Enquirer: 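The structure under discussion is supplied below as structure tokens; questions concerning it will follow.
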Protein chains: 2
Amino acid sequence: MATRPQQSPRRTDALSKERIVEAAIEMLDAGGEKALTFRGLAARLATGSGAIYWHVANKDELLAAATDDVIARVVTDVAGDAEPRDAIRAMALGVFDAIDMHPWAGVQLSRRPWLVALPQLFEGFGSQLEALGVPERVLFDSTSALVGHVLGAAGQNAANGRLYAEGTDRAAVLGSVAEEWARLDPARFPFVHRVAAQLPEHDDREQFLTGVDLFVTGIVTTRA
Amino acid sequence: MATRPQQSPRRTDALSKERIVEAAIEMLDAGGEKALTFRGLAARLATGSGAIYWHVANKDELLAAATDDVIARVVTDVAGDAEPRDAIRAMALGVFDAIDMHPWAGVQLSRRPWLVALPQLFEGFGSQLEALGVPERVLFDSTSALVGHVLGAAGQNAANGRLYAEGTDRAAVLGSVAEEWARLDPARFPFVHRVAAQLPEHDDREQFLTGVDLFVTGIVTTRA
DNA sequence: ACCTGAACACCGTTCAAGT
DNA sequence: ACCTGAACACCGTTCAAGT
């Protein structure tokens with residue numbers, strides 16, 4: 001008999017890298033990096049733990065694939081014909097929310113940065129900066145810096161979020177940090193003393209957006 | 001007999017949290033996060049693995065302490081009477097170099113962000129921004145954003161560095177990434193196509209400094 | 001108070017054996 | 001070609017027992 005063409009392109013019950021990554025993301029979301037084990041994953045997929053290795057090389061690759069998946073989802077649907085600054089804000093917020101919803105991806109980002117989605121980010125931010133009149137000569141550096149800022153700041157935020165996620169609420173955690181800051185030697189930390197009280201008040205999302213705006217303003221102002 | 005005063009405040013051969021953290025940093029520097037094990041640490045300190053638990057609660061706390069140590073070293077000796085912008089650059093570079101030399105600390109930073117050293121960073125950056133005339137009303141937000149930018153961007157950089165550290169050299173790795181980028185669909189990625197060639201050329205440290213400058217310019221320009 | 005090291009309950013990964 | 005699951009070589013952490 002002839003070699004059977006792949007008539008049913010994906011049997012629902014067959015294992016595939018996509019199904020594995022999807023299940024991995026669910027486990028990571030539910031319990032963080034430590035909750036993802038090959039044994040647990042195999043059980044969830046009703047297979048043997050070794051079967052997973054047929055589709056992914058190892059845990060690092062699985063984590064990288066999961067991170068890429070989560071970021072790529074966001075990057076694909078970037079708004080088309082908005083004002084450049086708004087488009088930048090929208091894309092940045094997409095990354096922010098993705099990492100906020102999947103904090104483990106933020107950690108992964110600082111381990112293996114070369115996302116498959118990186119070209120999309122470069123394309124999106126770079127073309128908008130160009131539309132803002134940033135000259136060719138500094139376009140690459142400006143875009144790199146902006147991409148780095150967005151990924152970095154979003155990752156930092158997710159790290160903060162991890163703190164309140166574990167039981168205690170945000171206000172309580174930040175409140176006690178503020179108290180610690182207020183107890184520091186006022187002679188050595190005059191500035192920290194003055195601003196400590198503002199710590200529990202601020203809105204993380206708002207502050208992230210402010211940061212992006214500041215950065216874009218810096219780029220636009222610096223061009224010459 | 002009366003309770004003996006602690007006459008020799010630290011016996012050279014006694015275990016202490018400092019000695020443990022110091023040894024942990026050496027192991028992390030030598031082989032990354034996976035190279036740090038309690039068994040290896042115990043062997044290096046010529047003790048039992050359980051002894052370490054008398055001084056640190058668990059591996060997470062040990063990693064946090066090691067990270068704090070590495071960042072705190074840098075933050076302590078910030079220049080005193082430089083120009084505000086230069087002082088900011090110097091402090092930012094200190095963080096950059098610390099994370100560049102200890103990439104595992106960058107990963108840790110995105111896991112537990114509330115460094116003991118954080119007040120120092122806030123104090124340093126905040127007071128310099130104040131000296132630049134940033135008004136009180138936006139001082140806290142601006143400082144938070146700057147600290148976040150520095151930690152985030154430095155972490156991103158360390159993540160990149162990890163790639164070339166493992167055998168292959170920087171130019172080769174970035175060169176092949178640039179080739180991949182050049183193979184992307186030019187219709188969908190016109191910008192990426194144009195700048196791909198610049199990828200292997202750029203200086204990471206320089207680009208980080210540029211980013212900090214852009215950010216400060218953004219803050220100073222935005223104040224109103 | 002501090003240290004020892006065996007024991008416990010896990011891991012990621014491999015691989016002969018199956019279909 | 002793809003899956004199974006026992007086996008291997010590790011882990012972090014605990015804890016009775018020592019000094």
Side-chain angles (χ1 to χ4, degrees), chain A residues 1-25 27-28 30-67 104 107-108 111-112, chain B residues 1-25 27-28 30-67 104 107-108 111-112:
Chain A
M1 56 184 124
T3 53
R4 190 169 54 118
Q6 29 171 182
Q7 51 187 41
S8 59
R10 211 194 315 168
R11 261 171 49 212
T12 331
D13 57 333
L15 221 48
S16 68
K17 184 161 179 180
E18 290 120 71
R19 278 194 65 217
I20 292 170
V21 169
E22 190 186 347
I25 290 173
M27 293 182 74
L28 287 162
E33 199 167 330
K34 277 173 184 167
L36 176 63
T37 69
F38 276 74
R39 272 165 246 260
L41 196 54
R44 178 185 274 256
L45 293 165
T47 182
S49 60
I52 296 166
Y53 285 89
W54 186 263
H55 300 275
V56 300
N58 51 42
K59 192 171 182 178
D60 273 355
E61 195 199 289
L62 181 54
L63 279 167
T67 304
W104 48 268
V107 176
Q108 199 54 26
R111 224 196 293 271
R112 322 204 139 242
Chain B
M1 57 184 123
T3 53
R4 191 168 53 118
Q6 29 172 180
Q7 51 187 39
S8 58
R10 213 192 313 167
R11 261 170 51 211
T12 330
D13 59 333
L15 222 49
S16 68
K17 183 161 180 180
E18 290 120 70
R19 279 194 65 218
I20 292 170
V21 169
E22 190 187 346
I25 290 173
M27 293 182 75
L28 288 162
E33 200 168 330
K34 276 172 185 168
L36 176 64
T37 68
F38 275 75
R39 271 165 248 260
L41 196 54
R44 178 184 273 257
L45 293 166
T47 183
S49 61
I52 296 166
Y53 284 90
W54 186 263
H55 299 275
V56 300
N58 50 42
K59 194 172 182 179
D60 273 356
E61 194 199 289
L62 181 53
L63 279 166
T67 304
W104 48 269
V107 176
Q108 198 55 25
R111 223 196 293 271
R112 321 203 140 242

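Order of the sequence lines sets the chain letters (A, B, ...), proteins ahead of strands, with each chain counted from 1. Quick caveat, the model's predicted, so the values are computed rather than measured.
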Enquirer: What is the distance, rounded to the nearest whole Å, between atom NZ of A/Lys34 and atom P of C/dG12?
Expert: 12 Å

Enquirer: In whole angstroms, how far is the P atom of C/dC3 from the CG atom of B/Leu41?
Expert: 13 Å

Enquirer: Go ahead and name the base partner of D/dT19; Watson-Crick or wobble counts if both distances stay under 3.5 Å, otherwise write none.
Expert: C/dA1

Enquirer: Nearest whole angstrom, please: distance from the P of D/dT19 to the CG of B/Leu15.
Expert: 19 Å

Enquirer: Check whether any side-chain N or O of B/Trp54 sits under 4.0 Å from OP1 or OP2 of C/dC2, and answer yes or no.
Expert: yes

Enquirer: Choose from D/dG12, C/dG12, D/dT14 the nucleotide whose nearest atom is closest to any side-chain atom of B/Ser49.
Expert: D/dT14

Enquirer: To the nearest Å, give me how far apart CD1 (A/Ile52) and P (D/dA1) are.
Expert: 21 Å

Enquirer: Taking CG from B/Leu62 and C1' from D/dT13, how many angstroms apart are they, rounded to a whole number?
Expert: 14 Å

Enquirer: Report the residue (B/Asp60 or A/His55) whose heavy-atom-nearest nucleotide on DNA chain D is the more 5′ of the two.
Expert: A/His55

Enquirer: May I have the distance from A/Leu45 (atom CG) to D/dC2 (atom C1'), rounded to whole angstrom?
Expert: 14 Å

Enquirer: Expressed as a whole number of angstroms, how long is the span from B/Ile20:CD1 to D/dG12:P?
Expert: 14 Å

Enquirer: Among D/dG12, D/dC3, C/dC3, find the nucleotide with the atom closest to the side chain of B/Arg39.
Expert: D/dG12

Enquirer: Using purine N1 to pyrimidine N3 plus N6-O4 or O6-N4 for Watson-Crick, or N1-O2 and O6-N3 for G-U wobble, each under 3.5 Å, what pairs with D/dT14?
Expert: C/dA6

Enquirer: Tell me, do B/Glu33 and B/Leu63 make a side-chain contact under 4.5 Å, heavy atoms counted?
Expert: yes

Enquirer: Using atom CZ of A/Phe38 as one end and atom P of D/dC10 as the other, report the distance to the nearest whole Å.
Expert: 18 Å

Enquirer: Can you give me the closest heavy-atom contact between A/Ala35 and A/Met27, atom names plus distance?
Expert: O-CE, 3.3 Å

Enquirer: With no hydrogens and no angle check, is any side-chain donor or acceptor of A/Lys17 less than 3.5 Å from a backbone partner on A/Leu62?
Expert: no

Enquirer: Contact class for A/Leu36 (heavy atom, under 4.0 Å): base, sugar-phosphate, or nothing?
Expert: sugar-phosphate

Enquirer: Counting C-beta onward and ignoring hydrogens, is there a side-chain heavy-atom pair between B/Trp104 and B/Leu36 closer than 4.5 Å?
Expert: no

Enquirer: Answer yes or no: is there a donor N or O on one side and an acceptor on the other, between the side chain of B/Lys59 and the main chain of B/Phe38, under 3.5 Å?
Expert: no

